[in-house]
Amino acid sequence: MNESTPVAFITGATSGIGHACAHRFARAGWALVLTGRRQERLDALQATLEKLVPVHTAQLDVSDPHDVAKVVAELPEPFQRVHALINNAGLALGKGPAQTADLDDWYRMIDTNIKGLITVTRHLLPKLIAAGPGATVINLGSIAAHTPYPGGHVYGATKAFVKQFSYNLRCDVGPKGVRVTDLAPGMTASEFTLVRMKGDRNIADSYYEGTQPLQPEDIAEQALHVASLPPHVNITLLEVMPLCQQWSAPTILRD
Ligand code: NDP
Ligand code: 8X3
């Protein structure tokens, strides 16, 4: 692998936005570290994308700190110069009211969207700083970070964390040449709703009916753009919504 080939480390590359980022960055010539829990999907990605660029895959549950430490420590030498970290692994679980929510769902969202994201970030920061200037951390936020909705409770709160963490992180690593972006999509057609609705395909499919949601490729295009800008340009927050969606207006709450 050429010394100057940039490396992108993507979490949650097995589906949706992470999967689209893997394809888009490969087409742009980036070498890839692709991670996720589903090994068979990592294998399929490797078989396809290795035809274009060097690819290293690692099964990784971001909520397991030991797993994260091991995967980063065992990165093969050419993949250690990480120029872009795409902190994409994340999920929502449940959309019922807070008072009946499953606490285990809440803990899993926090363990994945917050604890997982900060753990991966902390382990990779020295490598990003070494690869800079112009290295980039792209954290997948959401419009849910600032738009409350019924059933949004902990999911929206985890994404508010992602936004503030991104801003604070930039204060520390910016002077070291590392950019940080909160990439915040609205409704994007992926496995997100299927996961949120615990595998209920009828609800998941009907969610997008009669709408034109963003596609994961739309967000991947933005991620590549953010990571490819001149090193002195830092997109701090990039919110992207489908034209059919809007932030909710204040509404009357009724029991
Ligand atoms: P998908 O469900 O399609 O993909 C989620 C990815 O995250 C999968 O690859 C999954 O891989 C991975 N993942 C989940 N939990 C873990 C874990 N514990 N460890 C490692 N990987 C994990 O959803 P999206 O592509 O839509 O979601 C990607 C990101 O975008 C998330 O952070 C989400 O919150 C955010 N987002 C999504 C929006 C949408 O409308 N879809 C809108 C705004 C933000 P595997 O199961 O193999 O581990
Ligand atoms: C996902 C977007 O609006 O479904 O982050 O919460 S939303």
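Numbering of ligands and ligand atoms starts at 1, following listing order. Positions are given from 1, in the same order as the sequence printed here.
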* What are the two closest heavy atoms between Leu140 and Lys159, and how far apart are they? -> O-NZ, 2.8 Å
* How far apart are the closest heavy atoms of Tyr149 and Ala144, and which atoms are they? -> CE2-CB, 4.0 Å
* Is the closest heavy-atom distance from Lys159 to ligand 1 below 4.0 Å? -> yes
* Asked: Can you find a non-hydrogen atom of Gly141 under 4.0 Å from ligand 1?
  -> yes
* Where does the angle between the aromatic ring planes of His19 and His23 fall among parallel (under 30°), tilted (30 to 60°) and perpendicular (over 60°)? -> tilted
* **Candidate with minimal heavy-atom separation from atom 19 (N) of ligand 1, of Asn87, Val195, Leu140, Val62** => Val62
* Is it the case that more than 12 heavy atoms not belonging to Leu243 sit under 6.0 Å from its CG atom? -> no
* Asked: Any N or O on Ile17 sitting closer than 3.5 Å to an N or O of ligand 1?
  -> yes
* To do: May I ask you to check whether Glu239 and His146 show a side-chain donor-acceptor distance below 3.5 Å?
  => yes
* Structure fact -> shortest atom 41 (N) of ligand 1-to-protein heavy-atom contact is with Thr188 O, 3.0 Å
* Selection from Gly18, Pro213, Gly90, Ser63 by shortest heavy-atom distance to atom 5 (C) of ligand 1 -> Gly90
* To do: For atom 22 (C) of ligand 1, grab the closest protein heavy atom and report residue, atom and distance to one decimal in Å.
  => Ala89 CB, 3.6 Å
* Of the side chain and backbone of Thr35, name the one, both, or neither that has a heavy atom under 4.0 Å from an atom of ligand 1. => neither
* To do: Please identify which atoms of ligand 1 are closer than 4.0 Å to at least one heavy atom of Gly16.
  => 3 (O), 25 (O)
* Asked: Same hydrophobic cluster for Ile235 and Val178, using side-chain heavy-atom links shorter than 4.5 Å among ILVMFWY?
  -> no
* **Tyr155 six-ring face occupied by Arg196 cation (under 6.0 Å, within 45°)** => yes
* To do: Identify the two heavy atoms, one from Pro230 and one from Arg179, that lie closest to each other, and give their separation to 0.1 Å.
  => O-NH1, 2.9 Å
* **Derivation and outcome, side chain to side chain contact (heavy atoms under 4.5 Å, CB included), residues Lys115 and Tyr107** => CA-CA 10 Å; Lys115 196 171 145 192; Tyr107 297 147; over 6 Å; no
* Any atoms of ligand 1 less than 4.0 Å from a non-hydrogen atom of Met187? List them with their elements. => 40 (O)
* Check the side chains of Asp43 and Gln39 for a donor-acceptor pair under 3.5 angstrom, ignoring hydrogens and angles. => yes
* Where is the tightest heavy-atom contact between Thr5 and His83, given as atom of each residue plus distance? -> O-CE1, 3.9 Å
* In plain terms, say whether Glu221 and Arg24 are close enough for a salt bridge, that is, a side-chain N and a carboxylate O under 4.0 Å apart. => yes
* Quick one: look up the protein heavy atom nearest atom 42 (C) of ligand 1 and list residue, atom name and how far away it is. => Gly186 O, 3.3 Å
* Asked: ligand 1 versus Thr112, non-hydrogen atoms closer than 4.0 Å: side chain, backbone, both, neither?
  -> side chain
* Can you find an N or O of Gly12 that's nearer than 3.5 Å to an N or O of ligand 1? -> yes
* Considering only the protein, which heavy-atom contact is closest to atom 18 (N) of ligand 1, and what is its distance? -> Asp61 OD1, 2.9 Å
* Structure fact -> Among Arg37, Lys115, Arg108, the residue with a heavy atom nearest to atom 48 (O) of ligand 1 is Arg37
* Asked: In the protein, which heavy atom is nearest to atom 34 (O) of ligand 1, and how far is it?
  -> Tyr155 OH, 2.6 Å
* Structure fact -> For atom 4 (O) of ligand 2, the closest protein heavy atom turns out to be Tyr207 OH, 3.8 Å
* Asked: Side chains of Trp106 and His153: do they bring a donor and an acceptor to under 3.5 Å?
  -> yes
* **Arg38/Glu191 salt bridge by N-O under 4.0 Å criterion** => yes
* To do: Kindly confirm or rule out an N or O of Ser142 lying under 3.5 angstrom from an N or O of ligand 1.
  => no
* To do: Tell me, please: is Asn88 in heavy-atom contact with ligand 1, that is, under 4.0 Å?
  => yes
* To do: Would you mind running through ligand 1 and noting each atom that sits below 4.0 Å from a heavy atom of Arg38?
  => 8 (C), 10 (C), 11 (O), 45 (P), 46 (O), 47 (O)
* Can you check whether Ser142 has an N/O within less than 3.5 Å of an N/O in ligand 2? -> yes
* Number the atoms of ligand 2 from 1 as they appear, then name those within less than 4.0 Å of a heavy atom of Ala144, with their elements. => 6 (O)
* Do you know the tightest heavy-atom contact between Pro133 and Pro231? -> C-CB, 4.2 Å
* Structure fact -> Checking heavy-atom distances from atom 24 (P) of ligand 1 to each of Pro242, Ala189, Ser190, the winner is Ser190
* Asked: For atom 1 (P) of ligand 1, what's the nearest protein heavy atom and its distance?
  -> Ser15 OG, 3.5 Å
* Asked: Do Arg37 and Asp67 sit within salt-bridge range, that is, some charged N less than 4.0 Å from a carboxylate O?
  -> no
* Write out the residue and atom name of the closest protein heavy atom to atom 6 (O) of ligand 2, then the distance separating them to 0.1 Å. => Tyr149 OH, 2.5 Å
* **Polar atom proximity, Pro185 to ligand 1 (N or O, under 3.5 Å)** => no
* Asked: Taking only heavy atoms of Leu60, which atoms of ligand 1 are found under 4.0 Å from at least one of them?
  -> 19 (N), 20 (C)
* Asked: With a 4.0 Å cut-off on heavy atoms, does Ala92 reach ligand 1?
  -> no
* Asked: Any chance the side chains of Thr188 and Asp218 put a donor and an acceptor closer than 3.5 Å?
  -> no
* Any idea which protein heavy atom is nearest atom 47 (O) of ligand 1, and the distance to it? -> Thr14 OG1, 2.7 Å
